[in-house]
Amino acid sequence: MAERDQGPFDPVAMPGGDAGDLPPVAPPRRPRRRWWRWALTALSALFVALVVWLVITAPLGRSLEPLEEPAMLFVSADGEAIARRGAIKDEPVDVTLLPAHVTNAFIAIEDRRFYSHWGVDPRGVARAAIANAQAGGVRQGGSTITQQLAKTAFLDGERTMTRKAREAIISLWLEAWLTKDDILSRYLSSIYFGDGVYGLRSAARHYFDRAPEELSVAEAAMLAGMVKAPSRLAPTRDLKGAQERSRIVLQEMADMGAITQAEASATASAQLRGRRARLPTGTYFADWVAPRARRSMEAGYGVTSVPTTLDADLQRIAVQATINANLGDRQVGFVAMRPTGEVVALIGGRSYKKSPFNRATQARRQPGSAFKLAVYLAAFRAGWDPDDLIEDVPITVDGWSPQNSDGRYRGRITLREAFSRSSNAATVRLAQQVGREPIVRTARELGITADIPEGPSYALGTGGVPLIEMTAAYAAIASGTYPIEVSGLAAESPSRNSSIIRSAARLDPRQEWEPMLDLLYAAANQGTGRRAALSNVPTFGKTGTTQDNRDAIFIGFAGNLVVGVWVGHDDDRSLGNVSGGTVPAAIFKDFMRRAIQVDGTQGPRLPRDFRPRRAPERPRLPDPDNWREDRGILRDIAREIEDFLDRI
């Protein structure tokens, strides 16, 4: 007999029954969740979280926004473009306004099924996987244009499966919120085209000097071909490679039906060239002024023109002067400025490509005797006069005994002769009498902000000072005002900032200005810097040579230019027989001779009725009874002969 369905079993309800008397019954077995359900749930949660994150933190217009740090085009004082810094991104493009061959060039080479997939193209992924497997490496990518937009606009450059998953999800989100034309417009407006150029509008201007709406088929093909490897395939870097890649794009366009095969063949035969010459993105001068220019700029499209104080002609003359010097393996720093502080030429080393370190603005090298400017100016403020006498005899201070570079000690000499002959012993003795505090205060007022050593050797320039800072101190003497505000941007020049002029103090003509000009003239015309003297223009300046000839400096002024020259090694090796009065002085003179002719401006305003006073005495004839002194005298005579030969 078949069992009847008696309904639910309830042992307590049965007569005489007791639940505790029955055997235990196993609970019903629950079906196991399969792993893929957990994976699907996790993926769904990730998708929802990512969409929420995108809606909150990633606006759709991000790819259309200008760069945070727009490009700057530095322009010389005479209007010549000299350097470009930063990346360029121009205003967005609208694909509905572009010629069909422009958009088709990118679609043909990057994503032929763009208008038919949903952001991720399984067919393209499979095709790339097969091609890569056959090639034994990565030869093709399966990313769609939408995925490329997702990567450049929302993700970083890491190459992981997690990033690829996020890229795919963002692509689906973009396809849901934007039209195909919107996606393509954002893609073309933000992709990189090499040379620091982002977006099709900037690329068309940069490489072909035209709007994207005016691009020819050949130009569009070359730009589309660059997307694969923009830094390598830019026509400004590898024209042949860019041309070969553009022919591949043209063939893809023909295969897609965007152009005919005849058009592809005819266009490919043309040797297309870019029309824009590349400007350097880095120079010593641009490195120096860029941070200050950046502080006053806001985000924006295109390139911002930044007028500077640099004179393109004087810069070329400065470069040629350093080349003529035959520096060998020595480094050089060079800065030329107006007496009011506007920098017109600057060189930070022999090769920016090999070393962008700026030896004119960043290096803190010992100025040597060039620092004596502050010592003698402090002495004049304390009541000394160029004709006052000082002992040029050996001196010891705190166990330290400075040596004169020529080994000679001349007894009682004037301050003029001590300065022009660069007597270390006389200068240290003068510093001891004037006092450290007035000398340091004078250096600060001249604009020297670098640390000044505590020991007595500070008077001989043993503290590191940037060349540009030391040159500005000499500009203060050239102009008769202090401190000099050095400027490289036209907007910061004294001519546009009357507050700089109002805040400057003036040197007392009789007590400070004329005496310092007197000493600087003597040093540059009869003293250690006489190789820098110009025959037709009053020349003022001072040499500096540090211990063991590790640094050689000449700083001086003539006409309307103040120039500082440093020569040395980055590793502090000795320069041998090079001193401030040799190579640096020669560079100064070579530059000045041509610069003054090109400059065509008046020289610095000198005190009324200023005339150079009595020069240092000429070397007397050797004394047979004093052979030690004779060596120094003969050396002076030899220098006079060298100067005479230079002049003829």
Side-chain angles (χ1 to χ4, degrees), residues 63-64 67 71 84 87-112 114 141 143-146 148-149 151-153 181 183-256 258-259 263-279 281 301-303:
S63 58
L64 303 180
L67 299 173
R84 197 197 82 208
I88 304 174
K89 185 178 182 181
D90 216 322
E91 294 182 352
V93 297
D94 183 349
V95 296
T96 62
L97 302 179
L98 295 176
H101 63 260
V102 174
T103 56
N104 285 334
F106 290 89
I107 291 173
I109 194 65
E110 291 296 319
D111 186 4
R112 193 180 297 185
F114 172 69
S143 295
T144 64
I145 284 177
T146 310
Q148 293 182 51
L149 175 62
K151 179 176 63 176
T152 57
D181 286 345
I183 292 173
L184 187 57
S185 295
R186 283 164 166 75
Y187 168 77
L188 293 178
S189 299
S190 60
I191 54 175
Y192 185 53
F193 285 93
D195 272 8
V197 176
Y198 289 83
L200 182 61
R201 189 172 302 280
S202 296
R205 290 291 186 192
H206 178 71
Y207 292 111
F208 303 113
D209 198 19
R210 64 179 63 205
E213 293 81 6
E214 301 171 348
L215 289 170
S216 66
V217 174
E219 292 165 343
M222 180 169 283
L223 291 176
M226 292 167 53
V227 175
K228 178 182 179 182
S231 297
R232 178 170 55 86
L233 294 174
T236 51
R237 295 180 179 272
D238 183 3
L239 178 60
K240 184 177 180 180
Q243 291 170 340
E244 292 177 354
R245 179 66 176 168
S246 67
R247 286 192 281 270
I248 296 175
V249 176
L250 291 169
Q251 187 57 53
E252 291 290 331
M253 293 175 69
D255 294 344
M256 190 179 74
I259 58 176
E263 289 176 318
S265 301
T267 306
S269 63
Q271 294 296 313
L272 186 64
R273 296 179 180 272
R275 301 179 183 177
R276 280 284 181 92
R278 291 181 64 207
L279 278 174
T281 56
Y301 293 114
V303 182

Task: Any residue meeting ring-ring contact (aromatic ring centres under 6.0 Å, His included) with F106, in chain and number order, not counting sequence neighbours - done: none
- [ ] Would you check if Y198 and I191 make a side-chain contact, meaning some heavy-atom pair closer than 4.5 Å?
- [x] no
Open item on the list: For the CD atom of E219 and the OG atom of S246, what is their distance to the nearest 0.5 Å?
Closed with: 11.0 Å
Open item on the list: Keeping S189 on the side-chain end and V93 on the backbone end, is there a donor-acceptor pair under 3.5 Å?
Closed with: yes
TODO: For E213 and L97, work out which heavy atoms get closest and say how close.
DONE: CG-O, 3.7 Å
- [ ] Identify the two heavy atoms, one from A234 and one from A242, that lie closest to each other, and give their separation to 0.1 Å.
- [x] C-CB, 4.5 Å
Open item on the list: With a 4.5 Å cut-off on side-chain heavy atoms, are M222 and F208 touching?
Closed with: yes
Task: Side-chain touch Q148/D111, heavy atoms, less than 4.5 angstrom - done: no
Task: Over all atoms of both residues, closest heavy-atom pair of A105 and A220 - done: CB-O, 3.9 Å
- [ ] Indicate yes or no: at least one non-hydrogen side-chain atom of I109 is less than 4.5 angstrom from one of R245.
- [x] yes
- [ ] Kindly give the heavy-atom pair with the smallest separation between A221 and V249, and that separation in Å.
- [x] O-CG2, 3.7 Å
TODO: With rounding to the nearest 0.5 Å, note down the distance linking CD1 in I107 to CG in L184.
DONE: 5.0 Å
TODO: Give a yes or no on whether the backbone of L149 and the side-chain of T152 come within a donor-acceptor separation of less than 3.5 Å.
DONE: yes
Open item on the list: Return the OG1 to CG distance between T96 and D181, rounded to the nearest 0.5 Å.
Closed with: 6.5 Å
Open item on the list: Measuring only between side-chain heavy atoms, which start at C-beta, is V217 closer than 4.5 Å to E263?
Closed with: no
Open item on the list: Can you tell me how far apart CD1 (I259) and CG (N104) are? Round to the nearest 0.5 Å.
Closed with: 9.0 Å
TODO: Mind running side-chain contact (heavy atoms from CB on, under 4.5 Å) on R112 and D255 for me, showing each step along the way?
DONE: CA-CA 10 Å; R112 193 180 297 185; D255 294 344; 4.0 Å; yes
Open item on the list: Once rounded to the nearest 0.5 Å, what's the spacing between atom CG of L233 and atom CD of Q243?
Closed with: 11.5 Å
Task: D90 side chain vs R201 backbone, donor-acceptor pair below 3.5 Å - done: no
Task: Atom of F193, atom of L223 and distance for their closest heavy-atom approach - done: CE2-O, 3.4 Å
TODO: Supply the atom-to-atom distance S265 OG to R247 CZ, rounded to the nearest 0.5 angstrom.
DONE: 11.5 Å
Task: For D195 against R84, the heavy-atom pair lying closest together - done: O-NH2, 2.6 Å
